[in-house]
Engineer: 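To start, I am sharing the structure in question, which I have written as structure tokens.
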Amino acid sequence: MRHVDLRSDTVTRPTPEMRQAMLQAEVGDDVFGEDPTVNQLQEMVAAMLGKEAALFVPSGTMGNQISINAHTRPGEEIIVERDSHIVNYECGASAMLAGVQLHIIDGQDGIMTMEQVAAAVRPRDVHQPQTRLVCLENTHNRAGGTIYPLEEIARISQFARERGLKLHLDGARLWNASVATGISLKNYAQYFDSVMLCFSKGLGAPVGSIVVGDREFIERAHYYRKAYGGGMRQVGILAAAAIHALEHHLERLADDHRRARKFAEAISHLPGIRIDLERVQTNIVMFDVDPQVMTADQLIDALRQKGVFMLNLGPRKIRAVTHLDVSDADIDYAIEAFRELLGH
Ligand SMILES: *Cc1c(COP(=O)(O)O)cnc(C)c1O
């Protein structure tokens, strides 16, 4: 039986070519700053994003959290969107490790407007926490891989600069936004003081994320990376996988987007499936199942019997994600499984 794993774009396994690149990586002690492959990756990504410096980190969560710590002091407030990764999937680390308070805003499909951000900024007042940082997410994971409009980013960025606030981007899937829109990574990054990007999602590397910003920010982030236990030694083995991914797996994200679209359109016609096709913009497909027909659990179980795997995000909500290890034939197979289960 075919095995089509659409639960997440983190399930990819390194290709034989990527493993070759890892095998041949030149390495050194990166805590001493002596791993040439890590240094190469950091310079490469800093240049791609048009920033002064970059820092390789073990995970996206660590990248976001050391950025938050580097931008803030304990007791300060950061403005974040309710469905963001930082609020929902990082164990409350901003409170635990940076000691900051979250000011949570309800976005529309993960998008906060400049006006919403402005309204959340605290006045200077001896009673109130001081706002220091705004975090955006692009593409937005929980909203279904939606793309943050560049004009809104520019407005928020201008506002933040005028008010002396820092702006951080959780760009775990900024690669996807850039490939889908044709807007360069540099164009996105110019509006932010720091950007975090993941190699371990659709790009298909086994481990690793990166943070970019100016030299002074990266120096502080480096300090927190060590404090959080993220100083690694001959980690060029992993950086080599990330370089290989950038050189060979970036453009092909367009294939993932095309496949997600095809899948979404095909299932949108089936009874019991509710899906907003406008929100299928990159490699994530979110849809609801009509509980009169089936619960999300029941559908996921039935799909699993056919070798198709998806993620349960609530009693009615299911997520499917395309990635490097999902082919056109896999998507056709998943569509056929849906037709068999719901088509009559
Ligand atoms: C995956 C992801 C992260 C980081 O996740 P890790 O599993 O810690 O690498 C951060 N933000 C978003 C939006 C993500 O999807």
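Everything quoted here is computed from the prediction, not taken from an experiment. Just so you know, ligand 1 is whichever comes first in the structure, and atom 1 is the first atom listed for that ligand.
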Engineer: Please say which of Leu174, Ile183, Asn176, Asn138 ends up in a side-chain contact (heavy atoms from CB on, under 4.5 Å) with Ile147.
Structural biologist: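 Answer after filtering Leu174, Ile183, Asn176, Asn138: Asn138.
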
Engineer: Using the side-chain hydrogen bond (donor to acceptor under 3.5 Å, both in side chains) criterion, which residues pair with Arg220? Sequence neighbours excluded.
Structural biologist: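 Expected list: Glu216.
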
Engineer: Test of understanding: with salt bridge (Lys or Arg N to Asp or Glu O under 4.0 Å), list the residues that count as partners of Glu17, not counting sequence neighbours.
Structural biologist: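 Salt bridge (Lys or Arg N to Asp or Glu O under 4.0 Å) list for Glu17, sorted by chain: empty.
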
Engineer: With a 4.0 angstrom cut-off on heavy atoms, strictly below it, pick out the residues next to ligand 1 and order them by chain and number.
Structural biologist: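 Within 4.0 Å of ligand 1, protein side: Ser59, Gly60, Thr61, Asn64, His85, Glu90, Glu137, Asn141, Asp170, Ala172, Arg173, Met196, Lys201.
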
Engineer: Please check if the distance between the ring centroids of Tyr188 and Tyr148 is under 6.0 Å.
Structural biologist: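 No, they do not, as the ring centres are separated by 6.0 Å or more.
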
Engineer: Which residues end up grouped with Val100 if you chain together Ile, Leu, Val, Met, Phe, Trp and Tyr wherever their side-chain heavy atoms are less than 4.5 Å apart?
Structural biologist: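 Cluster partners of Val100: Ile68, Ile78, Val80, Ile86, Val87, Leu102, Ile104, Leu133.
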
Engineer: Assert yes or no for the condition that the ring centre distance of His244 to His249 is strictly below 6.0 Å.
Structural biologist: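 So the answer is yes for these two rings.
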
